[in-house]
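See structure below.
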Amino acid sequence: MTARLTGNSLPPWSMAIAAMLSIQLANALSVGVLREVGPAGTAWLRLCFGVVFLWIISRPAIRSIRRKDLPSLLILGTVTGFMTVFFLGAVERIPLGTAVAIEFLGPLAVAGIMSGNRRALIWPATALVGIILLTEPWSGSFDPIGVGLALAAGACWALYNILTQRVGDRFAGISGLSLTIPIAALATLPVGLPQVINGNLVWWVLPAAAGIALITPVIAFGLEMLALKRMNHTSFGTLLSVEPAFGVLIGLLVLGQAPSTYQAIGVVIVVIAGAAAQWDGARKFSGELTEIAAPTQGPQ
């Protein structure tokens, strides 16, 4: 007799890793689409299809929205949308693993600043050293615009985490996404729709964007929720610190982006800094820093 494979039979760390790999796979697959309709157009299409899939799974609880909830929901949705736009803009110009590592600096820096402890700033500074090695500013291939877009995505990710904590008690999980992703799609429409209209909208672009949207946020977020049900935030946050390495791995396997020696060392430094920040925060602040330094990955 064969045992049925369910979420409870799988180790939670495997679902967390699957979620991270899914997100990076979706980002890598987006490269082909953004070559046709641009990064903003790709982000907008992904968000639009994401709305369709999320509303099939969970209709938004619009009647539960109170007037005082609107500002946070509107800002959160806008930040979510432009986080995707900026990140895909970065991926268009710099390697995937480098973009993920730079973006990761955003929530890591906010964690250090909001901790109120100067020692916690060691880890963002350490990660910055790794990012310098990743971007190799001394080489002729350095792309300041790509780095700037990745930093903007990181700032949006940091804001996403802070805002999610504020509205998470009332709008958590898929129901929260079903409210914020439509706002994200509307917010990015002015920059996304023109790129779609003026781009090369070949026949496969829409099915590809739909498939990518199914991978993330739907599948990846579902795996993340299953993992979080059986993992504490410290463990999940430490595992999340490995995501820049997954970005490098997927970039190598899917996009053929082989890291140099300096870049490989750089991503290791970023991963160590993220994990150290997570454990240091959990030990010193009884989980308060954990909620900021080790956020969920967001519907990227």
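Only this structure's heavy atoms are used, side chains among them; waters, hydrogens and symmetry mates stay out. Numbers here simply count residues along the sequence, with the first being 1.
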Closest heavy-atom pair, F82 versus T188, reported as atoms and distance to 0.1 Å, is N-CG2, 4.0 Å
Verify the distance criterion only: is there a donor paired with an acceptor across the side chains of R46 and S30 at less than 3.5 Å? yes
State, with a plain yes or no, whether a side-chain heavy atom of L88 is found less than 4.5 Å away from one of E92. no
With rounding to the nearest 0.5 Å, note down the distance linking CD1 in I65 to CG in L179. 4.5 Å
Atom OG1 of T78 and atom CG of L159: how far apart are they, to the nearest 0.5 Å? 11.0 Å
Check whether any side-chain heavy atom of L76 sits under 4.5 Å from a side-chain heavy atom of Y160, and report yes or no. yes
Partner of E243 under side-chain contact (heavy atoms from CB on, under 4.5 Å), chosen from V248, V271, V270, V100: V100
Same cluster or not: are W44 and F86 linked, directly or through other Ile, Leu, Val, Met, Phe, Trp or Tyr residues, by side-chain heavy atoms under 4.5 angstrom apart? no
Find the distance between CD1 (I162) and CD1 (I75) and round it off to the nearest 0.5 Å. 11.5 Å
Could you check whether any side-chain heavy atom of L29 comes within less than 4.5 Å of a side-chain heavy atom of I215, counting everything from C-beta outward? yes
Minimum side-chain heavy-atom gap Q24-L21 below 4.5 Å: no
Pair V191, Q195 - check side chain to side chain contact (heavy atoms under 4.5 Å, CB included), show working. CA-CA 7 Å; V191 294; Q195 285 196 352; over 6 Å; no
Indicate if V79 and L149 have the same hydrophobic cluster label, given that clusters are the connected sets of ILVMFWY residues with side-chain heavy-atom separations under 4.5 angstrom. no
Mind checking whether L54 and L186 sit in one hydrophobic cluster, side chains of I, L, V, M, F, W, Y counted as touching below 4.5 Å? no
L252/Q257 under side chain to side chain contact (heavy atoms under 4.5 Å, CB included): CA gap, chis, key distance, verdict: CA-CA 4 Å; L252 173 64; Q257 298 172 341; 5.9 Å; no
What closest approach, in Å, do G154 and P107 show between heavy atoms, and which atom pair accounts for it? O-CD, 3.9 Å
Starting at CD1 of I183, measure out to CG of L74 and round the result to the nearest 0.5 Å. 5.0 Å
How far apart are the closest heavy atoms of A99 and A150, and which atoms are they? O-CB, 4.1 Å
For the atom pair CG (L73) and OG1 (T180), what is the distance rounded to the nearest 0.5 Å? 7.5 Å
Do I94 and I102 come close enough that some side-chain heavy atom pair is under 4.5 Å? yes
Between CG of L45 and CG of L34, what distance do you get to the nearest 0.5 Å? 11.0 Å
Of V267, T135, L133, V147, which meets side-chain contact (heavy atoms from CB on, under 4.5 Å) against T98? T135
Path from V196 to V85 over hydrophobic side-chain contacts below 4.5 Å: no
So the ring pair (Phe, Tyr, Trp, His ring centres under 6.0 Å) pairs with at least one residue in residues 243-273 (sequence neighbours excluded) are W138-Y262
N/O donor-acceptor pair under 3.5 Å between T84 side chain and T80 backbone: yes
Please assess I23 against F221 for the test side chain to side chain contact (heavy atoms under 4.5 Å, CB included), listing each intermediate value before the final yes or no. CA-CA 9 Å; I23 289 173; F221 193 77; over 6 Å; no
Would you say P39 and V91 make side-chain contact, with heavy atoms under 4.5 Å? no
For A264 and P259, the nearest pair of non-hydrogen atoms, with its separation, is N-CB, 4.3 Å
Residues R67 and P71: closest non-hydrogen pair is O-CD, 3.6 Å
Output yes when a side-chain donor or acceptor of S22 lies under 3.5 Å from a complementary backbone atom of A220, and no otherwise. no
Do any side-chain atoms of residues 55-62 form donor-acceptor pairs under 3.5 angstrom with protein atoms, and if so which ones, sequence neighbours left out?
residue : atom : partner : partner atom : Å
W55     : NE1  : S178    : O            : 2.9

Looking at every heavy atom in both A28 and V254, which two are closest together, and how far apart are they? CB-CG1, 3.9 Å
Would W204 and V33 satisfy side chain to side chain contact (heavy atoms under 4.5 Å, CB included), going step by step from the backbone distance to the final call? CA-CA 9 Å; W204 56 266; V33 179; 4.1 Å; yes
Going by heavy atoms in the side chains, are S241 and F104 under 4.5 Å from each other? yes
Please tell me whether F142 and L151 are part of a single hydrophobic cluster in this structure, the criterion being side-chain heavy atoms less than 4.5 Å apart. yes
